[in-house]
S.K.: 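I'd like to ask you about the structure that follows.
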Amino acid sequence: MGRTDYCGRISPAAVGATVTVAGWVHRRRDHGGLIFIDLRDRTGLVQVVVSPDAAEAFATADAVRPEWVVSATGPVAERPEGMANPDLATGAVEVRATHLTVWSRAETPPVSPADGAAVDERVRLKHRYLDLRRPELLKNFVLRDRVVFAVRRWMHAHEFLDVETPTLGRSTPEGARDFLVPSRLQPGHVYALPQSPQVWKQLLMVGGVDRYYQIVKVFRDEALRSDRQPEFTQIDVETSFLSQSQILDLMEDMVRSVFQEALGVTLPPWPRLTHAEALAQYGTDKPDLRAGPPLVDLTAVGQQVGALELPEAASWVGIVVEDAALSRKQLDALVEQARALGAPGLWWIRRTPEGVRTNAGRALADGGAGRLADAAVLGRDGLLLVMAGPMGVVNRHAGAMRLAVAAQLGRAASGFHFLWVTDFPLFEWSADEDRWTSAHHPFTMPNPSDLVLLATDPGAARSQAYDVVLNGVELASGSLRIYDPDLQAQIFSVLGLTPAETASKFGYLLDAFRFGPPPHGGIAFGLDRLVMLMAGAESLREVIAFPKTHTGSDPLMGSPAPADPGQWAELRLTPWGPDLPQRSS
RNA sequence: GGAGGCGUGGUGUAGCUGGCCUAACACACAUGCCUGUCACGCAUGAGAUCACGGGUUCGAAUCCCGUCGCCUCCGCCA
């Protein structure tokens with residue numbers, strides 16, 4: 001074999017040298033008396049020219065087809081006058097092959113790495129190895145490697161220890177549905193794959209590790225989306241003896257260093273918003289800061305000018321869009337979208353040289369539209385969207401409309417806009433289960449000043465939990481943890497876990513906390529999402545080498561697959577159910 | 001658990017208000033010609049039981065029902 005150089009790295013400096021390049025035939029252009037082969041490897045393309053002077057190589061080049069694996073040996077030459085290709089990194093040079101060797105042939109590929117055309121997802125996944133040859137896809141994995149390397153470099157420099165935790169663990173209540181693994185040695189018992197190494201990393205803190213991180217696969221058996229896979233990778237972090245603001249500063253520094261190293265992008269400091277502020281200003285706990293200014297609270301003026309249709313509206317919210325060139329048709333579409341969200345409606349108010357124009361009509365008192373525009377400090381040619389209704393719900397709807405307007409305007413496209421969201425509520429009420437559930441997870445430390453609320457008003461208690469949000473996507477989530485067994489028991493009790501259940505399911509953790517647990521806290525980043533956003537990709541599938549489909553299957557290996565009767569027997573299990581799924585292919 | 005979209009040669013699509021479809025177009029593929037192309041060009045050709053099953057009809061890619069698969073969204077995802 002004996003490759004000497006990567007295709008994409010042949011440069012004018014190599015002119016005159018004899019090289020051997022190897023890879024896949026990207027394209028072949030046969031001129032009868034002269035054959036050009038674009039040869040592709042991980043680094044890119046280089047043009048190989050084969051002339052009839054090299055008779056044997058020429059005969060080989062004549063037979064070669066796309067995606068065959070070949071190597072070419074010959075001198076690097078500058079291309080003739082006027083023949084350079086400025087669109088190709090190696091476009092100034094070419095390899096004049098004296099020898100050409102075929103190492104593998106290829107059938108006509110169902111996914112053409114040279115075309116890069118949109119191909120059906122199941123075809124791409126079934127032949128993922130062909131899809132991966134596409135330079136557009138491969139570059140995502142180059143980036144992913146750079147990100148992981150930058151993370152590890154930073155972690156090592158800051159004395160974080162990479163400690164592995166088990167993949168076979170124990171199912172816990174709360175949170176996502178677990179993937180279960182039946183035990184053969186202990187029939188009827190199961191392991192659970194981790195939703196996160198949460199408890200393990202807390203036990204590592206009790207074990208004195210002090211600073212832990214792990215780039216680790218985690219598993220959640222929930223419905224999938226373009227940004228959710230059943231197994232995904234976290235950058236999992238835990239520290240001892242640090243305050244919340246120290247942890248936030250550290251993690252922000254880590255991400256900043258990763259962006260600098262992997263992407264050459266310098267991030268500004270991240271804004272910090274409390275959960276309550278995020279809801280008030282953006283109507284969501286994961287604001288997209290690219291989508292224009294915050295919402296404006298118009299409740300005071302709104303209640304004065306009144307809405308004949310909504311006399312009892314407790315909350316009025318405005319979305320200010322400066323310089324909005326939206327047509328009447330687009331405005332109508334926005335009103336429709338608002339209705340689709342379940343909002344009673346949407347009023348637009350526009351300042352024009354001729355005065356204020358609005359679709360609110362007689363719903364507002366005379367001059368009401370103008371007063372709302374004044375209150376929102378609406379500039380010339382500005383557009384104000386107003387929504388009114390019950391407290392809370394209005395903000396959520398307005399937050400969604402804020403994004404809809406940005407999408408309509410084609411804004412919110414570029415840049416990396418991070419922020420911290422802090423002070424999440426400790427609990428959320430689950431109507432389904434008729435009980436309090438943890439907003440983050442049951443080990444989250446309450447805000448010390450809200451401890452009294454645990455017994456009286458759990459819904460009002462804030463936690464010391466925080467999220468990292470990037471461009472409207474939840475990228476990381478973390479908290480300070482409880483390390484007092486009594487407090488932990490109190491939280492379990494609010495969650496409706498009986499002492500017996502607690503002892504059975506979390507006894508090991510409460511035990512550990514009896515032996516000197518340090519104050520600790522941490523965070524977990526979604527690595528796949530991070531790389532997806534850094535790569536500008538639309539789906540997690542673009543940054544995972546062998547992803548699952550929307551229904552959790554892998555068309556390449558054909559998983560999940562039925563188990564043999566013998567395998568079921570060993571596990572002492574029987575597939576059960578009215579009708580097990582039929583398979584078509 | 002729910003809603004929507006899609007499934008036609010290797011790939012991407014058209015056809016889908018039933019008969020003109022013996023299924024069209026582009027790319028890819030095969031054969032031939034061509035010594036400076038780079039999405040090379042030119043000519044000729046092969047390749048599809050229209051996802052699967054059932055139904056309606058004289059007649060189904062087209063209409064109806066079901067199944068499977070893929071995508072997107074809501075619920076869900078501590």
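Note that this is a predicted model, so its numbers are computed, not measured. Letters A, B, ... mirror the listed sequences (proteins, then strands); counts begin at 1.
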S.K.: Is there ring stacking between A/H31 and B/rC40, where the centres must be under 5.5 angstrom apart and the planes under 30 degrees?
M.R.: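 Yes, A/H31 stacks on the base of B/rC40, since the ring centres sit under 5.5 Å apart and the planes are within 30°.
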
S.K.: OP1 or OP2 of B/rC70 versus the side-chain N and O atoms of A/T551: is any pair under 4.0 Å?
M.R.: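 Checking A/T551 against B/rC70: at least one side-chain N or O falls below 4.0 Å of OP1 or OP2.
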
S.K.: Starting at CG of A/D467 and ending at C1' of B/rC77, how long is that distance when rounded to a whole Å?
M.R.: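 My rounded result for the distance is 13 Å.
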
S.K.: Establish, with yes or no, whether the OP1 or OP2 oxygen of B/rU37 is under 4.0 angstrom from a side-chain nitrogen or oxygen of A/R28.
M.R.: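 Checking B/rU37 against A/R28, no side-chain N or O comes under 4.0 Å of OP1 or OP2.
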
S.K.: Distance-only criterion, 3.5 Å: show the donor-acceptor pairs between side-chain atoms of residues 56-64 of chain A and protein atoms not counting sequence neighbours.
M.R.:
unit_1: A/T60; atom_1: OG1; unit_2: A/E56; atom_2: O; d: 3.0

S.K.: Does A/R122 have a side-chain nitrogen or oxygen under 4.0 Å from the phosphate oxygens OP1 or OP2 of B/rC70?
M.R.: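 So the side-chain polar atoms of A/R122 never come under 4.0 Å of the phosphate oxygens OP1 or OP2 of B/rC70.
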
S.K.: Classify the side chain of A/E94 and the base of B/rG36 as holding, or not holding, a donor-acceptor pair under 3.5 Å.
M.R.: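 Such a pair exists between side chain and base.
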
S.K.: Need the pair for B/rG7. Rule: Watson-Crick or G-U wobble, both distances under 3.5 Å, any strand; none if unpaired.
M.R.: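 Answer to the pairing question: B/rC68, which forms a Watson-Crick or G-U pair with B/rG7.
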
S.K.: May I ask you to say what A/E121 touches in the nucleic acid, namely base, sugar-phosphate or nothing, with a heavy-atom cut-off under 4.0 Å?
M.R.: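 Sugar-phosphate: the residue A/E121, judged by heavy atoms under 4.0 Å, touches backbone atoms but no base.
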
S.K.: Does A/S430 have a side-chain nitrogen or oxygen under 4.0 Å from the phosphate oxygens OP1 or OP2 of B/rC76?
M.R.: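 Answer no for this pair, as no side-chain N or O of A/S430 is under 4.0 Å from OP1 or OP2.
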
S.K.: Ignoring hydrogens and angles, are the base of B/rC76 and the side chain of A/R220 linked by a donor-acceptor pair under 3.5 Å?
M.R.: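 Under the 3.5 Å cut-off, the side chain and the base do not form any donor-acceptor pair.
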
S.K.: Take the protein atom CZ of A/R27 and the nucleotide atom C1' of B/rG41, then report the distance between them rounded to whole Å.
M.R.: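 Atom-to-atom, A/R27 to B/rG41, this comes out as 15 Å.
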
S.K.: If the C1' atom of B/rG9 is compared with that of B/rC76, how far apart are they to the nearest Å?
M.R.: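 One C1' to the other, the span is 41 Å.
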
S.K.: What is the distance, to the nearest angstrom, from the CG atom on A/D131 to the C1' atom on B/rU11?
M.R.: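 After rounding, the gap between these two atoms is 13 Å.
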
S.K.: Picking from B/rC76, B/rG12, B/rG36, which would you name as closest to the side chain of A/A223?
M.R.: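 Taking heavy atoms from C-beta onward, the closest nucleotide is B/rC76.
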
S.K.: Given B/rA28, B/rU37, B/rA30, which nucleotide is nearest the side-chain atoms of A/M83?
M.R.: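 Of all the options, the side chain of A/M83 is nearest to B/rU37.
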
S.K.: By the 4.0 Å heavy-atom rule, please label A/T437 as base, sugar-phosphate, or nothing.
M.R.: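 Counting heavy atoms under 4.0 Å across all strands, no contact is made by A/T437.
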
S.K.: Between B/rC68 atom C1' and A/H550 atom NE2, what is the distance in whole Å?
M.R.: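 Between C1' of B/rC68 and NE2 of A/H550: 16 Å.
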
S.K.: Could you walk me through whether A/F513 and A/F506 pass ring pair (Phe, Tyr, Trp, His ring centres under 6.0 Å), step by step?
M.R.: CA-CA 11 Å; A/F513 286 172; A/F506 294 109; over 10 Å; no

S.K.: Tell me which nucleotide among B/rC70, B/rA28, B/rU37 gets nearest to the side chain of A/T108.
M.R.: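 That would be B/rA28.
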
S.K.: Could you walk me through whether A/D467 and A/F424 pass side chain to side chain contact (heavy atoms under 4.5 Å, CB included), step by step?
M.R.: CA-CA 9 Å; A/D467 274 6; A/F424 276 76; 3.3 Å; yes

S.K.: Is B/rU49 paired to anything, Watson-Crick or G-U wobble with both distances less than 3.5 Å, and if yes, which nucleotide?
M.R.: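 Pairing partner: none.
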
S.K.: For A/D62 and B/rU31, give me the distance from atom CG to atom C1', rounded to whole Å.
M.R.: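 Answer to the nearest Å: 12 Å.
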
S.K.: If only side-chain N and O atoms count, and only distance matters, is there a donor-acceptor pair under 3.5 Å linking A/Q234 with A/R529?
M.R.: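 A/R529 vs A/Q234: no donor-acceptor pair found between side chains.
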
S.K.: Give me the distance, rounded to whole Å, that separates B/rU62 from B/rG1 when you measure between the C1' atoms they each carry.
M.R.: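 Result for the C1' pair: 33 Å, nearest Å.
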
S.K.: At 4.0 Å (heavy atoms only), tell me whether A/P555 reaches a base, stays on the sugar-phosphate, or touches nothing.
M.R.: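 The residue A/P555 makes no contact with any strand.
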
S.K.: Considering only heavy atoms and no angle criterion, is a donor-acceptor pair shorter than 3.5 Å present between the side chain of A/D30 and the base of B/rC34?
M.R.: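 Under the 3.5 Å cut-off, the side chain and the base do form a donor-acceptor pair.
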
S.K.: Considering only the P atoms, how many Å lie between B/rC64 and B/rU56, rounded to the nearest integer?
M.R.: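 It works out to 15 Å between them.
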
S.K.: In whole Å, measure the gap between the C1' atoms of B/rC16 and B/rA23 for me.
M.R.: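 My reading of the C1' atoms in B/rC16 and B/rA23 gives 12 Å.
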
S.K.: Tell me the partner of B/rU62, counting only Watson-Crick (N1-N3 plus N6-O4 or O6-N4) or G-U wobble (N1-O2 and O6-N3) with both under 3.5 Å; none if nothing fits.
M.R.: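 Checking every strand shown, B/rU62 finds no partner, since no pair has both distances under 3.5 Å.
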
S.K.: Over all strands shown, is A/A84 touching base, sugar-phosphate only, or nothing at heavy-atom distances under 4.0 angstrom?
M.R.: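 Touches a base.
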
S.K.: Which base sits across from B/rC25 as a Watson-Crick or G-U pair, both distances under 3.5 Å?
M.R.: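 For B/rC25, the partner nucleotide comes out as B/rG12, under the 3.5 Å rule.
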
S.K.: Do A/Q214 and A/T165 meet the criterion of a side-chain donor-acceptor pair at a distance under 3.5 Å?
M.R.: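 Per modelled atom types, A/Q214 and A/T165 side chains form a pair under 3.5 Å.
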
S.K.: So does A/S112 get a side-chain nitrogen or oxygen closer than 4.0 Å to the phosphate oxygens (OP1/OP2) of B/rC27?
M.R.: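 It does not, given that no N or O in the side chain of A/S112 lies less than 4.0 Å from OP1 or OP2 of B/rC27.
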
S.K.: Would you say the side chain of A/R228 and the base of B/rC76 hold a donor-acceptor pair, judged only by whether the two atoms sit under 3.5 Å apart?
M.R.: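 When only heavy-atom distances are counted, A/R228 does reach the base of B/rC76 through a donor-acceptor pair under 3.5 Å.
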
S.K.: Would you call A/D131 and A/P113 a side-chain contact if the rule is heavy atoms closer than 4.5 Å?
M.R.: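 Not touching, per the 4.5 Å side-chain cut-off.
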
S.K.: Assess whether one donor atom and one acceptor atom, taken from the side chain of A/R225 and the base of B/rG75, lie less than 3.5 Å apart.
M.R.: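 Pair found.
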
S.K.: Could you check how far CZ of A/R124 sits from P of B/rG69, rounded to whole Å?
M.R.: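 In whole Å, B/rG69 P and A/R124 CZ are 20 Å from each other.
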
S.K.: Could you work out the separation of B/rA51 and B/rG10 based on their P atoms and round it to a whole Å?
M.R.: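 Pairwise P distance, B/rA51 against B/rG10, rounds to 13 Å.
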
S.K.: Looking only at the side chain of A/P66 (C-beta and beyond, no hydrogens), which of the listed nucleotides B/rC29, B/rC73, B/rG36 gets closest?
M.R.: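 Selected nucleotide (nearest to the side chain): B/rC29.
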
S.K.: Quick one: list whatever passes side-chain hydrogen bond (donor to acceptor under 3.5 Å, both in side chains) with A/S71, sequence neighbours left out.
M.R.: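 In terms of side-chain hydrogen bond (donor to acceptor under 3.5 Å, both in side chains), with neighbours along the sequence ignored, A/S71 is linked to A/W103.
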
S.K.: Can you check the A/D53 CG to B/rG36 P distance for me, whole Å?
M.R.: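 Those two atoms, CG and P, are 14 Å apart.
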
S.K.: Could you say whether A/D38 or A/P110 is positioned toward the 5' end of RNA chain B, judged by the nucleotide with the nearest heavy atom to each?
M.R.: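 The answer here is A/P110.
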
S.K.: Contact class for A/A176 (heavy atom, under 4.0 Å): base, sugar-phosphate, or nothing?
M.R.: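 Result for A/A176 = sugar-phosphate.
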
S.K.: Distance check needed: B/rU35 P versus A/R96 CZ, whole Å only.
M.R.: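 Spelled out: CZ on A/R96 to P on B/rU35 is 17 Å.
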
S.K.: Within the 4.0 Å heavy-atom criterion, would you say A/S51 contacts the bases, only the backbone, or no part of the nucleic acid?
M.R.: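 Nothing, no heavy atom under 4.0 Å.
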
S.K.: Between A/P109 and A/H127, is there a side-chain heavy-atom distance shorter than 4.5 Å?
M.R.: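 The answer is no, as the side chains (C-beta and beyond) never meet within the 4.5 Å cut-off.
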
S.K.: Want to settle it: does A/P109 or A/P442 sit nearer the 5' end of RNA chain B, counting the closest nucleotide to each?
M.R.: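 That would be A/P109.
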
S.K.: Sticking with atom P, work out how far B/rG75 lies from B/rU13, rounded to a whole angstrom.
M.R.: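 The answer is 30 Å between these two P atoms.
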
S.K.: Does B/rG41 have a Watson-Crick or wobble mate here (both distances under 3.5 Å), and if so which one?
M.R.: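 Pairing partner, where one exists within any strand: B/rC33.
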
S.K.: Provide the distance between the two C1' atoms, one in B/rA61 and one in B/rC50, to the nearest whole Å.
M.R.: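 Per the computed distance, 4 Å lies between those C1' atoms.
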
S.K.: Side chain of A/N85: nearest nucleotide among B/rU72, B/rC38, B/rG12?
M.R.: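 Minimum distance to the A/N85 side chain belongs to B/rC38.
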
S.K.: Between the side chain of A/D450 and the main-chain N/O of A/R462, is any donor-acceptor distance below 3.5 Å?
M.R.: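 Checking the backbone N and O of A/R462 against the side chain of A/D450, a donor-acceptor pair under 3.5 Å is found.
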
S.K.: If you measure from the C1' atom in B/rC38 to the same atom in B/rU22, how many Å do you get, rounded?
M.R.: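 Rounded to whole Å, the distance is 41 Å.
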
